[in-house]
K.L.:
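Take a look at this one; I'll ask things after.
Labels below follow one simple rule: chain letters A, B, ... track the order of the sequence lines, proteins then strands, and each chain is numbered from 1. Here the structure is a predicted model, which is why all the values come from computation and not from measurement.
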Number of protein chains: 2
Amino acid sequence: MVRKRQEQVLTKRGTATRQRIVETAARLVYEQGARGTSLDDVMERTGTSKSQLYHYFDNKDALLRAVIQWQTKRIIGAQTGAIPALDTFEALKRWGDMIVASVIDNGGRGGCPLGSLASELADYSEKARVLLGESFDLWEAEIARGLDAMKVRGELAPAADPGELATAAMTALQGGKLLAQTQRSERPLRLAMDMALENIARHLKPKRGPRRAR
Amino acid sequence: MVRKRQEQVLTKRGTATRQRIVETAARLVYEQGARGTSLDDVMERTGTSKSQLYHYFDNKDALLRAVIQWQTKRIIGAQTGAIPALDTFEALKRWGDMIVASVIDNGGRGGCPLGSLASELADYSEKARVLLGESFDLWEAEIARGLDAMKVRGELAPAADPGELATAAMTALQGGKLLAQTQRSERPLRLAMDMALENIARHLKPKRGPRRAR
DNA sequence: CTAAAATTGGACTTACAAGTCCAATTTAGA
DNA sequence: TCTAAATTGGACTTGTAAGTCCAATTTTAG
């Protein structure tokens, strides 16, 4: 968690102000995009002044990087909060359902906060691109962690590669979110998550009792 | 193909100018994004004037819509040009390889021209969103066409739904492109396309002779 | 308490971008 | 040929956005 600007110590008040700026900026950026969100927007919604923004961040790009890091923690935190571990196929199915259900939230508008930023910033800010790449890695690692536990317990075939399965699932999630946002329909996201889950189910080892799900 | 502005007849020269504007704008928008491309950029690169842009397009949004339609035709045309029909699993594999190889083109930079525009414009321009939704439908229809042929020939199980398989493949393609662009690696795209192809292979009916591929 | 550091207000500069406007030139078609 | 329509040049307006600057206020720590 590179913080930079630590030559300057933040007081309690300063920390609160900085946090308020980051969270508000995150919401605005999610709704309007990075380029579509002006610093004046952020100032107005946070009740801060220009000098405050530039006191806590070197420039707009630095603020956007803080937004990326905050969103990354928020998203992964929300996921582990709802489903502590993706280490059973049942948990994976609930995870998929949760992702699909998220389309309703904003009436179909808004894709994945990280995916949208990645698309907008990857070729615009090298620092942001690297950060977003790491964000996806972290998110995928959380998924791979559950798959790995399944593999250790012998529920997934030895040949299954948790890291690759997690990455494939992430591509499905991102592509599904994008199409759902574009077509204002949960259909593509549902099909994407079903595909990702089936891609994992391929490596499930049959167990005594109940049959392979789905 | 809604053209609008047909109250005004275009001469041969006018058509050429308009086309030059659209193609150049498409390249700039692909490289810099829609918001990152100014009309002055387009003017400079096409050697046109402000009045020409506004002569052929109502406003910037209308130009962007023309870009979307042109890219849609270009992408689908390029695909059918390289692989006339995705009606064998071999053709599908070549298609997947072609998609993966496309990452090299711009040194990893640049995602899918349509996907990038969708992410940027879906919540910004309703007209553009609808158009992009239709673009994905057209592209998917081209994929579904091949799958349907396989189904008719009995190579795909009757339960297989070409439309759903095509949509799932499109989400994999888009998500894979996005992650590849973000991480400057073809790995996520390769895993995505493998997943999409496997998702189709699930419905392959075994045929005499060679075993199920992959 | 008091000096140094952190925090804040807000005006100002500079750059750029979308869109308007009008006049000049070229082309098409009768 | 001639005239109306299409095409083009380019200055201009208006709005916005990032970033700078300096002074005022508040807080922290010795």
Side-chain angles (χ1 to χ4, degrees), chain A residues 3-25 28-29 31-67 117 120-121 124-128, chain B residues 3-25 28-29 31-67 117 120-121 124-128:
Chain A
R3 191 52 99 212
K4 279 298 176 62
R5 277 239 157 173
Q6 276 186 343
E7 71 272 5
Q8 189 153 279
V9 180
L10 295 197
T11 67
K12 180 172 290 186
R13 181 159 65 127
T15 305
T17 300
R18 193 196 128 102
Q19 187 60 18
R20 183 158 42 97
I21 292 172
V22 171
E23 294 185 18
T24 302
L28 290 173
V29 165
E31 293 170 355
Q32 313 174 335
R35 285 178 141 114
T37 300
S38 71
L39 297 183
D40 292 272
D41 285 342
V42 178
M43 284 163 57
E44 187 184 342
R45 299 293 279 270
T46 53
T48 54
S49 64
K50 240 341 166 17
S51 50
Q52 282 173 288
L53 293 191
Y54 281 91
H55 180 69
Y56 296 106
F57 306 94
D58 282 333
N59 47 42
K60 186 178 177 180
D61 197 69
L63 171 58
L64 289 175
R65 292 198 298 276
V67 165
L117 278 171
E120 190 175 1
L121 302 180
Y124 178 71
S125 161
E126 178 65 11
K127 288 180 181 175
Chain B
R3 192 51 99 210
K4 280 296 176 63
R5 277 240 156 171
Q6 277 187 342
E7 71 272 4
Q8 189 153 279
V9 181
L10 295 197
T11 66
K12 179 172 291 186
R13 180 160 67 128
T15 304
T17 300
R18 193 196 127 100
Q19 188 60 19
R20 183 159 41 97
I21 292 172
V22 171
E23 294 185 17
T24 302
L28 290 172
V29 166
E31 292 170 356
Q32 313 174 337
R35 284 178 139 116
T37 300
S38 71
L39 296 183
D40 292 272
D41 285 342
V42 178
M43 283 163 57
E44 187 183 342
R45 299 293 279 271
T46 53
T48 54
S49 64
K50 234 358 163 4
S51 51
Q52 282 173 288
L53 292 191
Y54 282 90
H55 181 68
Y56 296 105
F57 306 95
D58 283 332
N59 47 40
K60 186 177 176 180
D61 198 69
L63 171 57
L64 289 175
R65 292 198 298 275
V67 165
L117 278 171
E120 190 175 2
L121 301 180
Y124 178 71
S125 162
E126 178 65 10
K127 288 181 181 174

K.L.:
Provide, to the nearest angstrom, the distance between the CG atom belonging to A:Leu10 and the C1' atom belonging to D:dT27.
P.N.:
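A:Leu10 atom CG is separated from D:dT27 atom C1' by 13 Å.
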
K.L.:
How would you summarise protein contacts on nucleotides 11-22 of chain D per nucleotide, using B for base, S for sugar-phosphate only and - for none, with heavy-atom distances below 4.0 Å?
P.N.:
B-----SBBB--

K.L.:
State, with a plain yes or no, whether a side-chain heavy atom of A:Leu39 is found less than 4.5 Å away from one of A:Tyr54.
P.N.:
yes

K.L.:
Between CG of B:Leu63 and CD1 of B:Ile21, what distance do you get to the nearest 0.5 Å?
P.N.:
7.5 Å

K.L.:
By nearest atom, which of the nucleotides D:dT26, C:dG10, D:dG10 is closest to the A:Arg13 side chain?
P.N.:
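Ranking D:dT26, C:dG10, D:dG10 by closest atom to the A:Arg13 side chain puts D:dT26 first.
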
K.L.:
Any side-chain N or O of A:Gln52 below 4.0 angstrom from OP1/OP2 of C:dT7?
P.N.:
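No, outside the criterion.
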
K.L.:
Mind checking side chain to side chain contact (heavy atoms under 4.5 Å, CB included) for A:Arg20 and listing every partner two or more places apart, or none if nothing turns up?
P.N.:
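So A:Arg20 forms a side chain to side chain contact (heavy atoms under 4.5 Å, CB included) with A:Thr17, A:Thr24, A:Thr46, A:Thr48.
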
K.L.:
For C:dT8, does either OP1 or OP2 sit under 4.0 Å from a side-chain N or O belonging to A:Tyr56?
P.N.:
yes

K.L.:
What is the separation between atom NZ on A:Lys12 and atom C1' on C:dT7, rounded to the nearest whole Å?
P.N.:
16 Å

K.L.:
Do the non-hydrogen side-chain atoms of B:Phe57 and B:Val22 ever get within less than 4.5 Å of each other?
P.N.:
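B:Phe57 vs B:Val22: side chains touch.
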
K.L.:
Quick one: which of C:dT8, D:dT7, C:dA6 gets closest to the side chain of A:Thr17?
P.N.:
C:dT8

K.L.:
Without decimals, in angstroms, what is the distance between A:His55 NE2 and D:dA24 C1'?
P.N.:
14 Å

K.L.:
Under 4.0 angstrom, heavy atoms only, what part of the nucleic acid is B:Thr11 near: base, sugar-phosphate, or nothing?
P.N.:
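Touches sugar-phosphate only.
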
K.L.:
Has the side chain of B:Gln52 got a donor or acceptor atom that lies under 3.5 Å from a matching backbone atom of B:Ser49?
P.N.:
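Present.
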
K.L.:
What is the distance from atom CZ of B:Arg35 to atom CG of B:Leu64, rounded to the nearest 0.5 Å?
P.N.:
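Rounded to the nearest 0.5 Å, the CZ-CG separation comes to 10.5 Å.
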
K.L.:
Grab the CD-P distance between B:Glu44 and C:dA17 for me, whole Å please.
P.N.:
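These atoms are roughly 11 Å apart.
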
